[in-house]
Trainee: 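Following this message is one structure expressed as structure tokens.
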Amino acid sequence: MRRGWIVGVRVARLVRTGAVRLLPGIRYLGRAIHRRWRRSLQFRTVLTTLMLAIGSFAVVGAYLSNQIANNLFQERLAQAESETRYNVKQVQETFDGAQVTDQSSVITLVYDTLNAVEGRGSVIQRRYVFEAMPEQTKPRNRWVESRASDQLTISVIPPDLRKAVQDSGKDQFWASTQFPVGTEDRPGIAVGNKVTFNGTVYELYLIYDLNTAQKTLNEIQNVLLAGAAVLALMIGAVAWYVTRNVVSPVSHAALVSEKLAAGQLQERMVVKGEDEVARLGASFNHMAASLQEQITQLATLSQMQQRFVSDVSHELRTPLTTVRMAAEVLYDAREDFDPINKRSAELLYHQVERFQSLLADLLEISRFDAGAAILDAEPTDIVQLISHVMEGVGPVAAEYGSEITFNAPAGSVIVEMDDRRIDRILRNLVLNALEHGEGRPVNISVAANDTAVAVAVRDHGIGMTHAEAARVFDRFWRADPARARTTGGSGLGLSIAAEDTKLHNGWLQAWGKKGRGSNFRLTLPLHQGAVITKSPLQLEPADVGLPGAGRDRTMLLLDQSPAPAAVSNSAAAAGTEAAGTETRGSGKKDGS
């Protein structure tokens, strides 16, 4: 007992080890099939066709097998019932005409009669079970109690069949059964009747062997299975061949399309024949040629425009420098001019400055278009950089009368960035906020997470619509073309800011609503090469209560010391009292 238990445990361990080793392979195979199913139309079509064909063959085969088995059984049953009636009649006639008085003669008569029913020869046609009915009350001499062929017993007869025979008169009943022949069990049909001999009632069951019919059915099923397998393989081969002829051009078209998208505009499909697929290939090639021609024309035109802008910008630098020098001389001497000439000198000076700014922006854009812009990234404290930007825009904030509040986390936020380009982005965003803020406060917020840092510049001015926010980074685009520029913008500042952000693999996004102001959010990765998945600041800002438009001249004071009570109250109203570094402006309009 203990040895058997040990063997069972070892077998269980072997099975478990084999399952653990096979499980990764099964999973890999499942993933490979799933990946192939998703990516290959031909594989999906062939596999679906095979599955449908196998399912159809299984249904048809099961139906045919069932019909054949039923027909064979019904045929053999009808034959068994007919033969049984004839043989039982012969047995009863023999018993009725028997003239025997001693027991040995009775046994010999019964044995010879039943052997004749059995039909012995080279093949036994049928077997019998001869049994006296139990509980017979009529007096009798029961010289033959029971007899059966091939060592069969009454136990091979189904109890329901025995009960039906015992309860009936002279009716005949049958039932399916199994009986042993040597070391195997064979299917058969047992047909039962009653016979009488010397006043004793006996149950006589003739058992017909269905082994030959079962073998015939097995052979038919094997033929059906083999035929179904061959047909499935043939259908799979046909489906593979047909789908290959259809899918191969599509796959080739997809490959050529990918190469065209990668810039290999000379790629074309191979066209054979004149069928629908060939016409598709010819149309595809014609489309590719047309696209190549148009793309080439556009690329040539773009290169000409870029070269033109670059050349013109470079050529204008020398005469512009000369004009600027002359304008500065006139501007410095404007007090000696009459009012008209004085005004002309001032206009000339400011417009030359604007022209020079526009020229610088055009040169920068031409470098971006030519792919010559290089990122010089170094670890830099972005909080300190924003403070430097706020210092620089102080005079502009004072001119517009806007108060600037700055909310940042305590300490430094180190970012790998090109500080010159980020300085230009932030300066542009703050100047735009001041220009369009209509004298209302401007909020600058900084937040960081594990992978990124975000800077939001929020104004409360005229705002913009969702459509305008989507186009605000386009070159030379202005929401109101009639709006006069008072700070010398060129219309390229936000476009350059977007290109600088792209160099850092960052995000530059805009939000606005008419009458409620705008919010520009710059999101940068803390380390170069990192991928941003979420910005630390939301793009649509939460509503904050802010003081009204400032009417005093504002001067920025970058002071880390605690603010006075009046300043703290103003910061609390602006929603910037969170722990961190707060920088805000104060001063008087007259510059005192």
Trainee: How close do Ile425 and Ala497 get, counting heavy atoms only, and between which atoms?
Mentor: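 Taking every non-hydrogen atom into account, CD1-O, 3.7 Å.
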Trainee: Any idea how His350 and Tyr331 line up, ring-wise: parallel (<30°), tilted (30 to 60°), or perpendicular (>60°)?
Mentor: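 The arrangement is perpendicular - the two ring planes meet at more than 60°.
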Trainee: Looking at CG of Asn407 and CD1 of Ile444, how far apart are the two atoms once the value is rounded to the nearest 0.5 Å?
Mentor: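 Result: 11.0 Å between the selected atoms.
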Trainee: Does a salt bridge link Asp500 with Arg424, judged by any charged N lying under 4.0 Å from a carboxylate O?
Mentor: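 A salt bridge is present here (some side-chain N lies under 4.0 Å from a carboxylate O).
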Trainee: Rounded to the nearest 0.5 Å, what's the gap from OG on Ser40 to CD1 on Ile33? Could you check?
Mentor: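 One gets 12.5 Å once the value is rounded to the nearest 0.5 Å.
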Trainee: Quick one: list whatever passes ring-ring contact (aromatic ring centres under 6.0 Å, His included) with Phe473, sequence neighbours left out.
Mentor: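 In terms of ring-ring contact (aromatic ring centres under 6.0 Å, His included), with neighbours along the sequence ignored, Phe473 is linked to no residue.
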Trainee: Gly461 and Asp459: which non-hydrogen atoms are nearest, and at how many Å?
Mentor: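 Where Gly461 meets Asp459 most closely, the heavy atoms are N-OD1, 3.0 Å.
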Trainee: Show your reasoning for whether side chain to side chain donor-acceptor pair (under 3.5 Å) applies to Asp419 and Thr380.
Mentor: CA-CA 7 Å; Asp419 56 352; Thr380 306; 4.7 Å; no
Trainee: Within this structure, what is the CG-NE2 distance for the pair Leu426 and His388, rounded to the nearest 0.5 Å?
Mentor: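 Separation between the atoms: 11.0 Å.
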Trainee: Looking only at non-hydrogen atoms, find the nearest pair between Ala433 and Val442 and report the distance.
Mentor: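 Scanning both residues completely, I find the closest heavy atoms to be CB-CG1, 3.9 Å.
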Trainee: Find the distance between CD (Glu399) and CD (Glu435) and round it off to the nearest 0.5 Å.
Mentor: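 Glu399 CD to Glu435 CD: 10.5 Å, rounded to 0.5 Å.
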Trainee: In chain order, what residues pass the salt bridge (charged side-chain N to carboxylate O under 4.0 Å, His left out) check against Lys342, with sequence neighbours excluded?
Mentor: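 Salt bridge (charged side-chain N to carboxylate O under 4.0 Å, His left out) check on Lys342 returns Glu335.
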Trainee: With a 4.5 Å limit on heavy-atom distance, are the side chains of Asn519 and Glu540 in contact?
Mentor: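 They are not in contact (no side-chain heavy atoms under 4.5 Å apart), so the answer is no.
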Trainee: Is it the case that atom CE in Met325 sees more than 12 heavy atoms from other parts of the structure closer than 6.0 Å?
Mentor: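 Counting neighbours around CE of Met325, 12 or fewer heavy atoms of other residues, nucleotides or ligands fall under 6.0 Å, so no.
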Trainee: Without swapping roles, check the side chain of Arg521 against the backbone of Leu537 for a donor-acceptor pair under 3.5 Å.
Mentor: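 Checked: pair present.
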Trainee: How would you list, by chain and number, every residue that makes a salt bridge (charged side-chain N to carboxylate O under 4.0 Å, His left out) with Arg268, sequence neighbours excluded?
Mentor: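 Once residues adjacent in sequence are excluded, Arg268 has no partner under the salt bridge (charged side-chain N to carboxylate O under 4.0 Å, His left out) criterion.
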